[in-house]
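Working notes, structure below.
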Protein chains: 2
Amino acid sequence: MDPHLLRTYVTVARLASFSEAARELGYTQSAVSQHIAALEQDLGATLLTRRPVAPTAAGERLLDHAGPLLLRLDAARADVVRMAAAPAHGLSLAAAPTALTARAVAALPAAGVTLRVLPREEIPAAVATGTADLGLVDGLAAPSDPLRLPDVAPLTTHGAGEEPVRVLLPTGHPLARRPGLRLGDLADARWLDAPDAGLPLAHLRAANGGHGFRPALRYEGTDVRTLTTLAAAGHGLALLPESAATAVPGATAVPLTHPRVVHRMELVYVGSLAGAAATLARALGARG
Amino acid sequence: MDPHLLRTYVTVARLASFSEAARELGYTQSAVSQHIAALEQDLGATLLTRRPVAPTAAGERLLDHAGPLLLRLDAARADVVRMAAAPAHGLSLAAAPTALTARAVAALPAAGVTLRVLPREEIPAAVATGTADLGLVDGLAAPSDPLRLPDVAPLTTHGAGEEPVRVLLPTGHPLARRPGLRLGDLADARWLDAPDAGLPLAHLRAANGGHGFRPALRYEGTDVRTLTTLAAAGHGLALLPESAATAVPGATAVPLTHPRVVHRMELVYVGSLAGAAATLARALGARG
DNA sequence: ACACTCGATAAGCACTCCTGATGAGACGAT
DNA sequence: ATCGTCTCATCAGGAGTGCTTATCGAGTGT
């Protein structure tokens with residue numbers, strides 16, 4: 001199972017074409033054909049149907065594995081290379097959209113920081129592969145419980161604060177006057193689905209036994225303001241940290257009383273912090 | 001970063017010898033030397049000091065990555081191969097020690113099952129690499145929260161029941177008469193440390209901010225009866241699921257009132273269940 | 001001082017892996 | 001139906017890789 005072969009396999013599967021994959025990878029079509037044949041012989045299973053080119057059942061399983069595998073490989077290489085390379089001069093921070101509270105932004109130094117906003121799931125990968133020196137992820141969790149992060153590499157995490165969670169709804173909404181809301185009562189409401197902006201509706205549905213939490217409008221992007229505007233306009237409910245949900249024109253943020261979850265922020269990095277990264281981490285309120 | 005090179009690297013690091021590693025891998029010493037040289041050139045960093053052979057800082061990082069990486073690789077291969085191979089006749093179940101409640105054991109069919117008890121952390125790997133068809137893991141979690149499992153491969157998990165947690169102490173112990181105990185009050189007590197038998201003291205310490213929960217006696221093994229006997233003899237406290245902690249001669253099991261955690265069991269498998277495995281899963285009480 | 005162990009290096013050779021050319025189906029247009 | 005075209009499989013050849021054997025140089029213990 002040469003990573004090379006794996007890489008050509010995933011591109012062939014993605015492009016659904018041997019010749020296209022060959023062009024993209026800089027090989028000849030012949031080489032790609034031989035790669036796939038070698039993989040199939042090695043594993044003792046046909047991975048792709050030809051004409052049309054599509055993964056078989058076994059091929060689908062391999063695809064599930066291949067992504068994380070190649071990612072980990074990149075992460076390992078980046079990690080080791082980083083130790084040998086000269087320390088970077090700038091400092092780059094990858095943050096989830098809703099993790100960028102005013103407090104976090106205020107903690108950034110005046111100059112020399114590159115800030116990149118990414119979907120939450122991609123942040124550990126970005127940190128592991130060296131795209132960012134420091135990651136700031138967030139998510140819902142039971143109070144003082146650590147977040148569940150995809151483990152692409154051995155990463156270190158530090159808690160960096162928690163805050164209450166609120167349900168954002170249009171001011172005219174019948175539930176907007178309530179002092180608090182229970183999530184279970186909102187399963188049948190219309191929700192915003194914004195996986196990249198930190199509103200993982202699928203998680204809520206899963207926590208509710210797979211029922212309810214049907215998406216009304218799906219937003220693909222990482223802008224929280226857009227999200228709050230959509231919620232205010234009645235396109236669906238949004239579950240947001242207090243700091244992101246307050247002071248939204250035309251919307252009311254009602255505290256969530258049950259289940260007892262908080263919006264938690266965590267700092268992610270590889271190895272140990274040094275220099276500017278350590279300073280920033282302290283400023284962001286990282287606690288052991 | 002050929003997995004081959006990675007594999008020889010980890011064995012060299014483990015054996016702290018090029019020649020020994022060559023013998024174990026069936027290569028010549030020369031080949032091993034060239035492998036390491038190739039890796040070092042590829043990554044642009046020296047990974048090992050020679051004489052004595054020991055990993056450098058960069059090498060240590062690579063070692064951290066290599067284990068999970070090679071494991072995932074094995075898991076991927078096993079998963080794909082399994083799809084092509086004939087379905088196994090027997091059914092093998094890997095279970096964590098404290099996950100084997102009387103209810104679980106009663107659910108096993110009369111014949112045709114291979115049962116293997118493993119430390120909790122190894123079960124996902126065993127299932128992923130095909131060593132077991134079905135895994136039964138357990139652990140402490142907030143009520144209805146899923147467990148945190150090392151993700152070696154894309155695995156499916158199903159909740160399979162929760163039960164209260166109890167602190168097991170000798171009947172004569174001053175705290176044994178209490179109706180309930182708070183974990184925070186027990187940080188300074190003497191605890192049993194049994195990582196393989198499902199008593200991860202390190203987790204308790206981590207949850208407590210790294211303080212307290214000092215190990216009194218460390219037990220390396222997977223036998224729960226031994227553990228309860230040790231607790232009854234006063235060698236240290238043990239945190240166990242209700243079903244494992246009750247009816248222990250000489251010991252009293254006091255409910256844990258805070259934090260609100262439960263002992264949760266989950267079924268782990270790869271892909272979807274079929275045949276005997278599905279029947280067993282239903283019997284074990286798996287819920288969607 | 002000596003033999004011995006261990007890792008690095010050099011040379012040789014088999015084998016791998018790529019390219020370029022050709023073959024074999026499938027599909028659409030005429 | 002026939003042709004042209006597109007796509008993947010196969011074949012043959014050559015550059016390069018990766019292994020082995022052989023030898024060296026540097027520590028190490030006797």
Side-chain angles (χ1 to χ4, degrees), chain A residues 1-60 62-63 66 69-70 73 76-77 80 84, chain B residues 1-60 62-63 66 69-70 73 76-77 80 84:
Chain A
M1 286 246 297
D2 189 335
H4 266 253
L5 304 187
L6 224 54
R7 205 165 56 98
T8 75
Y9 170 69
V10 300
T11 57
V12 168
R14 174 165 51 86
L15 300 173
S17 159
F18 283 51
S19 333
E20 276 294 316
R23 229 159 293 150
E24 180 168 318
L25 295 170
Y27 286 132
T28 52
Q29 172 267 321
S30 170
V32 170
S33 182
Q34 290 176 51
H35 276 190
I36 302 300
L39 243 185
E40 290 186 327
Q41 184 151 31
D42 178 26
L43 296 174
T46 59
L47 299 171
L48 294 167
T49 63
R50 327 293 152 101
R51 261 176 260 284
V53 175
T56 64
E60 288 281 5
L62 185 58
L63 276 181
L69 207 47
L70 294 175
L73 218 64
R77 136 165 274 114
V80 175
Chain B
M1 287 246 298
D2 190 336
H4 267 276
L5 304 189
L6 224 54
R7 205 166 56 98
T8 75
Y9 170 68
V10 300
T11 57
V12 168
R14 175 165 49 86
L15 301 174
S17 157
F18 282 51
S19 333
E20 275 294 316
R23 229 159 293 152
E24 180 169 318
L25 296 170
Y27 287 132
T28 51
Q29 172 266 319
S30 171
V32 170
S33 182
Q34 291 175 51
H35 276 191
I36 302 299
L39 244 185
E40 292 187 327
Q41 184 150 33
D42 179 25
L43 296 174
T46 57
L47 299 170
L48 293 167
T49 64
R50 327 293 152 99
R51 264 176 256 280
V53 175
T56 63
E60 288 283 4
L62 184 57
L63 277 180
L69 208 45
L70 293 175
L73 218 64
R77 135 164 277 115
V80 175

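Chain identifiers are assigned alphabetically (A, B, ...) following the order of the sequence lines, protein sequences preceding nucleic acid strands; residue numbering begins at 1 within each chain. Computed from a prediction, not measured in an experiment: that's the story for all the values here.
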Any donor-acceptor N/O pair under 3.5 Å between [N] base and [X] side chain:
X: B:Ser30; N: C:dT9; answer: yes
X: B:Gln34; N: D:dT20; answer: yes
X: A:Ser17; N: D:dT7; answer: no

Any side-chain to backbone donor/acceptor pair from [X] onto [Y]? Under 3.5 Å, distance only.
X: A:Tyr9; Y: A:Gly59; answer: yes
X: A:Glu40; Y: A:Leu47; answer: yes
X: B:Thr49; Y: B:Ala54; answer: yes
X: B:Thr8; Y: B:Val32; answer: no

[atom1] of [X] versus [atom2] of [N]: gap in Å, rounded?
X: A:Tyr27; N: C:dC17; atom1: OH; atom2: C1'; answer: 9 Å
X: B:Arg50; N: C:dT5; atom1: CZ; atom2: P; answer: 21 Å
X: A:Phe18; N: C:dG23; atom1: CZ; atom2: P; answer: 21 Å
X: A:Gln29; N: D:dT10; atom1: CD; atom2: C1'; answer: 10 Å
X: B:His4; N: D:dT17; atom1: NE2; atom2: P; answer: 17 Å
X: A:Asp2; N: D:dT17; atom1: CG; atom2: P; answer: 14 Å
X: A:Leu25; N: C:dC17; atom1: CG; atom2: P; answer: 16 Å
X: A:Leu15; N: D:dC6; atom1: CG; atom2: C1'; answer: 17 Å

Inset, instruction - Would you indicate what A:Val53 reaches in the nucleic acid, counting non-hydrogen atoms under 4.0 angstrom: base, sugar-phosphate, or nothing? - result: sugar-phosphate
Legend entry - Earlier contact from the 5' end, DNA chain C, for B:Arg23 and B:Ala37: B:Arg23
Legend entry - Nucleotide of C:dC18, D:dT10, C:dA8 approaching A:His35 most closely (side-chain heavy atoms): C:dC18
Inset, instruction - Identify which nucleotide among D:dT7, C:dG7, D:dT21 has an atom closest to any side-chain atom of B:Ser19, counting heavy atoms from C-beta outward. - result: C:dG7
Legend entry - A:Ser33 side chain near D:dC8 phosphate (N/O to OP1/OP2, under 4.0 Å): no
Inset, instruction - Could you tell me which non-hydrogen atom of B:Asp2 sits nearest to which non-hydrogen atom of B:His4, and how far apart they are? - result: OD1-N, 2.9 Å
